[in-house]
A.B. asks: 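Got a structure here, written out as structure tokens. Questions coming.
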Amino acid sequence: DEGASSHRRSRSLLVLSLFVLSSRLIPAACQNCEDYGSSCQSTEGKMSNADKFAELASGEFPEGALPDHQVYEHPLVKRYATKEMSFVWSPAMKFTTWRKLWTALATAEQELGIDISDEQLEEMRTKLYDVDFEFAAQKEREFRHDVMGHVHAFGEAAPTAMPIIHLGATSCYVGDNTDIVQIRDALVLVRRKLVKTISILKKFAVEHRDLPTLGFTHYQPAQLTTVGKRATLWMQDLLLDLERITREIDDLPMRGVKGTTGTQASFLELFDGDHEKVKVLNKRVCELMGFKRAIPVSGQTYTRKIDFNVLSVLSGIAQSAYKMCGDVRLLANLKEVEEPFSKTQIGSSAMAYKRNPMRSERVCSLARYAMGLPNAAANTHANQWFERTLDDSAIRRIVLPEGFLAVDVILTLLADIADGLHVWPNVIKAHAMAELPFMATEVILMECVKAGGDRQELHEAIRVHSMDAGAVVKGEGKPNDLMDRIAKDPLFASVHDKLESMIDPILFVGRAPEQVDEFVEEEIQPVLEKYADLLAVDSVDAVNV
């Protein structure tokens with residue numbers, strides 16, 4: 001009956017559950033003796049290799065193991081950035097610039113009548129590079145204030161000058177002005193590398209000015225251009241970046257001597273209400289630090305709009321680099337143009353035959369990061385309340401150095417790529433010739449009409465031949481045979497003897513070679529002559545990964 005049936009099903013489920021449970025609890029038979037469990041003498045007290053690894057891998061990191069490698073290393077500095085850009089943002093550069101600013105301030109104050117002795121200034125000058133970082137850190141922990149930690153460290157090194165160090169100033173006097181000095185020096189370095197990259201690309205463009213290549217729109221075959229003309233597109237973007245970075249360098253103002261909220265009240269008090277002396281002090285400090293001007297007005301800090309403008313320029317360079325390297329990556333896939341590939345370089349740990357465009361990929365990766373930094377600067381600027389809030393500090397310590405470090409790497413790699421681009425003319429020609437018959441049909445049509453042919457009849461014949469040839473290419477994977485079809489069609493007899501010359505790729509590049517010549521002569525050469533001194537400077541090092 002129904003009750004008995006239900007009871008049998010329950011009993012069957014119970015037996016099945018006990019079987020499954022027992023299969024999990026009882027070990028499998030030993031391969032040596034076919035015993036189970038603890039009765040097996042050959043496995044008693046032993047662990048499998050998998051168990052040994054799992055126990056080790058899930059355990060604590062051994063104390064004392066690899067002691068020199070237990071702190072995070074920033075890849076922009078450790079792996080990529082050059083020594084030159086790393087130095088610009090180094091503690092050595094930052095804190096010696098603080099001391100230069102304190103010395104410049106004291107020097108200008110003495111010139112304007114403040115009681116500061118030559119001996120005090122001499123002591124400050126001689127101790128600019130004598131920074132006891134441990135003592136400064138100790139004082140910072142004591143005061144919970146980094147600037148005062150370094151004021152005391154400077155005073156410890158120059159004790160007679162201690163009473164006048166930081167006289168009338170606020171923390172942003174050294175902090176913001178040093179940021180501007182570092183930004184200026186970093187921009188100058190970026191400009192030098194930008195000019196070098198443009199110079200290298202110029203040689204490439206000139207060399208390949210008249211090498212026909214298939215153009216692409218929508219990444220679909222389009223009218224022919226030349227390899228050199230394509231390079232001018234990359235150069236034009238970089239030239240626009242050069243114009244912007246030069247303008248940024250020329251217009252970059254120092255914060256100057258502004259006081260706690262930008263009113264210069266402390267300096268007005270120092271000079272007994274003499275407004276003219278305060279104005280002269282501001283100008284003189286800028287001159288001593290190598291700046292033509294100070295920002296006209298400020299709160300406690302210079303406007304963070306400047307940070308946004310600077311990072312926008314860097315973003316622009318990153319965009320240009322990404323576009324060029326994106327093209328190189330696509331060309332590498334087509335086997336038309338490839339980036340440098342050293343004799344011992346490995347493209348893939350698994351696929352030994354591969355020639356991955358890893359330099360270009362790295363440029364694109366870093367560029368993607370640099371392109372996003374202006375957004376952080378925009379939000380920081382927008383969220384500065386009244387004369388200043390401190391929520392700008394931490395993020396600026398990150399985005400400003402990292403923006404420059406990333407673009408420094410990008411330009412170093414870009415110059416390396418441009419200097420070693422390998423062009424494969426035969427592959428380029430084969431790709432062009434595969435599409436050129438379709439592009440040549442209009443010329444063929446015109447020539448036949450000139451010889452007395454019927455335009456409409458010729459047009460229809462070309463249409464039919466083109467569709468049939470396209471079907472062969474796509475459906476059968478065979479070469480484009482459109483010219484063979486036209487050569488056999490009596491409608492086109494008037495051009496049969498010159499078909500081959502009518503599909504010479506150089507006839508379809510328009511003014512591309514002349515455009516290269518004109519662009520180089522009118523736009524690039526004047527810039528390279530203007531910055532000839534920068535081209536004479538060798539970089540300290542390069543990126544080797």
Side-chain angles (χ1 to χ4, degrees), residues 94-125 127-128 145-148 150-152 154-155 158 160-184 249-307 309 381 384-390 392-393 396:
K94 176 178 179 178
F95 294 113
T96 56
T97 303
W98 282 16
R99 292 192 175 188
K100 291 176 184 178
L101 283 160
W102 281 320
T103 305
L105 178 62
T107 300
E109 287 173 339
Q110 186 207 50
E111 291 177 352
L112 291 167
I114 301 300
D115 185 16
I116 296 174
S117 69
D118 291 343
E119 290 73 24
Q120 288 174 311
L121 294 178
E122 175 64 21
E123 191 175 45
M124 293 175 78
R125 289 193 298 268
K127 298 298 182 179
L128 286 177
H145 199 288
D146 58 346
V147 173
M148 287 308 299
H150 276 272
V151 166
H152 280 260
F154 198 11
T160 61
M162 180 61 176
I164 53 89
I165 294 173
H166 202 65
L167 182 60
T170 185
S171 298
C172 282
Y173 167 70
V174 288
D176 269 33
N177 282 319
T178 294
D179 289 343
I180 291 292
V181 169
Q182 290 174 299
I183 288 171
R184 177 196 62 189
I249 292 170
D250 292 343
D251 295 345
L252 187 67
M254 194 173 172
R255 173 189 176 273
V257 179
K258 291 293 194 289
T260 55
T261 58
T263 65
Q264 299 175 308
S266 59
F267 295 103
L268 192 62
E269 177 69 24
L270 185 65
F271 289 107
D272 298 322
D274 190 330
H275 289 262
E276 197 59 35
K277 283 190 174 181
V278 175
K279 290 167 63 178
V280 172
L281 176 72
N282 187 44
K283 182 180 179 181
R284 184 63 176 141
V285 167
C286 290
E287 291 173 348
L288 289 170
M289 292 302 298
F291 283 82
K292 297 177 182 178
R293 67 188 186 96
I295 195 166
V297 295
S298 75
Q300 187 175 94
T301 67
Y302 68 77
T303 172
R304 298 315 185 206
K305 190 83 169 181
I306 290 176
D307 296 345
N309 290 343
H381 171 247
Q384 286 299 287
W385 302 341
F386 303 114
E387 281 65 50
R388 194 266 172 101
T389 57
L390 195 59
D392 66 336
S393 178
R396 293 178 68 254

A.B. asks: For the pair Leu252 and Ile249, evaluate side chain to side chain contact (heavy atoms under 4.5 Å, CB included) and give the outcome as yes or no after the intermediate values.
C.D. replies: CA-CA 5 Å; Leu252 187 67; Ile249 292 170; 5.9 Å; no

A.B. asks: Rounded to the nearest 0.5 Å, what separation is found between the CD1 atom of Ile180 and the CD1 atom of Ile183?
C.D. replies: 4.5 Å

A.B. asks: Among residues at least two apart in sequence or on other chains, which ones pass ring pair (Phe, Tyr, Trp, His ring centres under 6.0 Å) with Phe95?
C.D. replies: Trp98, Phe133, His150

A.B. asks: Start with the C-alpha gap between Asp392 and Arg396, add the side-chain angles, then the distance that decides, and say whether side chain to side chain contact (heavy atoms under 4.5 Å, CB included) holds.
C.D. replies: CA-CA 6 Å; Asp392 66 336; Arg396 293 178 68 254; 4.0 Å; yes

A.B. asks: Between Val285 and Ala108, what is the shortest heavy-atom contact and its length?
C.D. replies: CG2-CB, 3.9 Å

A.B. asks: Would you give the length of the straight line joining atom CG of Leu105 to atom NE2 of His166, rounded to the nearest 0.5 angstrom?
C.D. replies: 9.0 Å

A.B. asks: Take Phe267 and Asn282 through the test side chain to side chain contact (heavy atoms under 4.5 Å, CB included) and record every step on the way to the result.
C.D. replies: CA-CA 10 Å; Phe267 295 103; Asn282 187 44; over 6 Å; no

A.B. asks: State whether the side chain of Glu387 and the backbone N or O of Thr261 hold a donor-acceptor pair below 3.5 Å, judged by distance alone.
C.D. replies: no

A.B. asks: Compare every heavy atom of Leu270 with every heavy atom of Glu109, then report the nearest pair and how far apart it is.
C.D. replies: OE2-CD2, 3.5 Å

A.B. asks: Please check if atom CG in Asp250 has more than 12 non-hydrogen atoms from other residues, nucleotides or ligands closer than 6.0 Å.
C.D. replies: yes

A.B. asks: Is there side-chain contact between Met148 and Val151, with heavy atoms separated by less than 4.5 Å?
C.D. replies: yes

A.B. asks: OG1/Thr107 to CG/Leu288 distance, rounded to the nearest 0.5 angstrom?
C.D. replies: 6.5 Å

A.B. asks: Got Met289 and Val181 here, is their nearest side-chain heavy-atom distance under 4.5 Å?
C.D. replies: yes

A.B. asks: Distance from Lys258 atom NZ to Ser266 atom OG, nearest 0.5 Å?
C.D. replies: 12.0 Å

A.B. asks: Can you give me every donor-acceptor pair (side chain of residues 291-301, partner residue at least two apart or in another chain, under 3.5 Å) with its distance?
C.D. replies:
from	atom 1	to	atom 2	distance (Å)
Arg293	NH2	Asp251	O	2.8
Gln300	OE1	Arg388	NH1	2.9
Gln300	NE2	Thr260	O	2.9

A.B. asks: Using every non-hydrogen atom in the two residues, find where Leu281 and Val257 come nearest and quote the distance to one decimal.
C.D. replies: CD2-CG1, 3.9 Å

A.B. asks: Can you check whether Lys127's main-chain N or O pairs, donor with acceptor, with Arg99's side chain at less than 3.5 Å?
C.D. replies: yes

A.B. asks: Apply side chain to side chain contact (heavy atoms under 4.5 Å, CB included) to the pair Glu123 and Glu119, showing each step before the final yes or no.
C.D. replies: CA-CA 6 Å; Glu123 191 175 45; Glu119 290 73 24; over 6 Å; no

A.B. asks: Please report the shortest heavy-atom distance between Trp102 and Tyr173, naming the atom on each side.
C.D. replies: N-CE2, 4.3 Å

A.B. asks: Drop me the distance from Asp274's CG to Leu268's CG, to the nearest 0.5 angstrom.
C.D. replies: 8.0 Å

A.B. asks: Quick check for you: to the nearest 0.5 Å, what is the distance between Glu111 atom CD and Arg284 atom CZ?
C.D. replies: 4.5 Å

A.B. asks: Please report the closest heavy-atom contact between Ile116 and Gln120, naming both atoms and the distance.
C.D. replies: CA-OE1, 3.5 Å

A.B. asks: Looking just at side-chain N and O atoms, do Asn177 and Tyr302 make a donor-acceptor pair shorter than 3.5 Å?
C.D. replies: no

A.B. asks: I'd like to know if Arg304 pairs up with Asp176 as an ion pair, taking the criterion as any Lys NZ or Arg NE/NH1/NH2 lying under 4.0 Å from an Asp or Glu carboxylate oxygen.
C.D. replies: yes

A.B. asks: Taking all heavy atoms of Arg184 and all of Gly290, pick out the closest pair and write down the distance.
C.D. replies: NH1-O, 3.5 Å

A.B. asks: Once side-chain contact (heavy atoms from CB on, under 4.5 Å) is applied, do any residues pair with Gln182, and if so which ones, sequence neighbours excluded?
C.D. replies: Val88, Trp89, Met93, Lys94, Thr178, Asp179

